[in-house]
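Hydrogens, waters and symmetry mates play no part in the numbers below; they use all other heavy atoms, side chains included.
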Protein chains: 2
Amino acid sequence: MDDEATRARQELGLLLRRLNVELDAVGQRFADVHELNRTDVRALVAIMDAARRGEALTAGRLGEAVDLRSASVTALVDRLERAGHVRRVRDPEDRRRVGLEMSESAMAAGAEHFGGLARDLVAAMEDYSDEELAVVRRWLEDMTAVITRHPRAEPPA
Amino acid sequence: MDDEATRARQELGLLLRRLNVELDAVGQRFADVHELNRTDVRALVAIMDAARRGEALTAGRLGEAVDLRSASVTALVDRLERAGHVRRVRDPEDRRRVGLEMSESAMAAGAEHFGGLARDLVAAMEDYSDEELAVVRRWLEDMTAVITRHPRAEPPA
DNA sequence: GATAATGTCTCGACGATCGAGATAATCGAC
DNA sequence: GTCGATTATCTCGATCGTCGAGACATTATC
């Protein structure tokens with residue numbers, strides 16, 4: 001592969017990084033508008049995703065999803081509950097467990113912000129042919145695979 | 001556009017989100033390995049990018065890059081300097097300014113971690129034709145444009 | 001029923017960030 | 001040149017998110 005070709009591929013990597021930054025900024029904006037921190041947004045997204053899959057996340061599983069210890073999860077859920085974004089619901093089956101349900105308003109706010117973006121993205125893909133999108137899809141899957149496999153740790157000397 | 005076509009496009013959006021998550025995880029891994037927090041990593045990346053452009057970032061411009069107030073930048077640079085990742089260099093032209101230079105070791109660690117990923121990504125693009133990559137590039141630019149334009153604020157009722 | 005395992009919460013501590021204001025250097029008007 | 005305004009960074013005290021250790025209640029195991 002000649003230099004020119006390599007450079008073109010490196011540029012795609014840079015484009016991907018730029019896209020990543022902008023996508024993070026979308027979450028940051030949601031946080032700013034609703035006076036939340038980034039962890040709170042990640043948590044709401046996790047709860048929302050779970051809800052879409054039909055499951056109600058428990059406090060513990062939320063902690064795993066956002067990588068927080070139990071003490072922090074308690075504080076996190078306290079914040080979200082105080083802000084009216086989620087409700088704690090004791091599981092009647094296992095009364096140690098605390099299920100988390102999003103409020104209507106939080107659901108709506110999330111749909112507005114992130115759903116709106118999703119709509120805009122789909123709209124921007126209108127003019128692409130099925131063949132083109134298939135290429136993009138394959139590329140995204142390949143890049144994701146590479147990124148996911150990227151070394152989890154390099155001993156720091 | 002029929003339902004099937006819309007669904008295919010929505011899936012690309014989800015793929016993009018997943019890629020975003022994995023890409024963030026790469027930075028998180030770097031942070032874990034080198035005992036830094038996410039802000040520190042963002043700062044090092046910003047300094048590194050600036051260095052690659054041939055400029056030495058000042059404390060103030062770093063603060064803009066990572067969106068931190070001056071008090072926080074001082075603490076941030078203190079941490080990085082204490083860890084041996086950067087040096088403060090007073091600008092002889094304007095002695096109010098503090099330039100930031102990355103240490104060799106930090107430069108090497110960054111190149112190892114992020115440069116390694118860049119190489120792997122380029123390698124994974126080997127088998128794509130120029131035409132295919134052109135499609136991907138156009139798509140990335142279009143999506144980035146949509147994401148960047150996404151509303152900066154929606155008054156929360 | 002006693003004991004272990006599980007899920008969440010409380011408490012105290014630490015660290016990242018911030019606003020306000022101090023300090024020092026440069027610029028501009030005269 | 002001098003003096004006030006501006007710029008760049010730093011110091012200090014306060015706030016908030018996160019954590020480790022451990023308490024508490026509930027469920028599982030024997």
To the nearest Å, how far apart are [X] [atom1] and [N] [atom2]?
X: Glu81(B); N: dC10(D); atom1: CD; atom2: C1'; result: 13 Å
X: Arg79(A); N: dT15(D); atom1: CZ; atom2: C1'; result: 13 Å
X: Leu36(B); N: dG15(C); atom1: CG; atom2: C1'; result: 14 Å
X: Asn37(A); N: dG15(C); atom1: CG; atom2: C1'; result: 15 Å
X: Leu76(B); N: dT11(D); atom1: CG; atom2: P; result: 14 Å
X: Leu62(B); N: dT17(C); atom1: CG; atom2: P; result: 11 Å
X: Leu80(A); N: dT18(D); atom1: CG; atom2: P; result: 11 Å
X: Arg97(A); N: dT6(C); atom1: CZ; atom2: P; result: 12 Å

Would you say [N] has OP1 or OP2 under 4.0 Å from some side-chain N or O of [X]?
X: Arg61(B); N: dT7(D); value: no
X: Arg88(B); N: dC10(D); value: yes
X: Thr58(B); N: dA8(D); value: no

Query raised in the report: Just wondering, more than 12 heavy atoms not from Arg79(B) lying within 6.0 Å of its CZ?
Result: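 Yes, enclosed.
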
Report task. Nearest-nucleotide wise, let me know which of Asp40(A) and Ala59(B) is further upstream toward the 5' end of DNA chain D. Result ->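 Looking at DNA chain D, the more 5' nearest nucleotide goes with Ala59(B).
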
Query raised in the report: With the sugar-phosphate defined as primed atoms, P, OP1 and OP2, and the base as all remaining atoms, what B/S/- string results for nucleotides 19-30 of chain D, 5' to 3', for protein heavy atoms under 4.0 Å?
Result: BB-----BS---

Query raised in the report: For Ala75(A), which contact category applies under a 4.0 Å heavy-atom criterion: base, sugar-phosphate, or nothing?
Result: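 Base contact.
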
Requested in this report: Would you mind checking if Asp78(A) and Arg88(A) are paired as a salt bridge, meaning a charged N to carboxylate O distance below 4.0 Å?
Outcome: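 Result for this pair is yes, salt bridge flagged.
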
**Report entry** Residues Glu132(B), Arg138(A): salt bridge by 4.0 Å N-O rule
**Finding:**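 Salt bridge: yes.
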
Show me the donor-acceptor pairs within less than 3.5 Å that the side chains of residues 41-52 of chain A make with the rest of the protein, sequence neighbours left out.
unit_1, atom_1, unit_2, atom_2, d
Asp49(A), OD1, Arg17(B), NH2, 3.2
Asp49(A), OD2, Arg17(B), NH1, 3.3
Asp49(A), OD2, Arg17(B), NH2, 3.1

Requested in this report: Would you mind telling me which of dC10(D), dT17(C), dG17(D) lies closest to the side-chain atoms of Thr39(A)?
Outcome: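 Of dC10(D), dT17(C), dG17(D), dG17(D) is nearest to the side chain of Thr39(A).
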
Report task. Among Val21(A), Leu23(A), Asn20(A), Asp24(A), find the residue that satisfies the side-chain contact (heavy atoms from CB on, under 4.5 Å) test when tested with Ile147(B). Result ->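 The side-chain contact (heavy atoms from CB on, under 4.5 Å) with Ile147(B) is passed solely by Leu23(A) among Val21(A), Leu23(A), Asn20(A), Asp24(A).
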
Query raised in the report: Does some side-chain heavy atom of Leu76(B) sit less than 4.5 Å from a side-chain heavy atom of Leu62(B)?
Result: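 The answer is yes, as the side chains (C-beta and beyond) meet within the 4.5 Å cut-off.
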
Query raised in the report: Would you call Asp120(B) and Arg149(A) a side-chain contact if the rule is heavy atoms closer than 4.5 Å?
Result: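 Not touching, per the 4.5 Å side-chain cut-off.
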
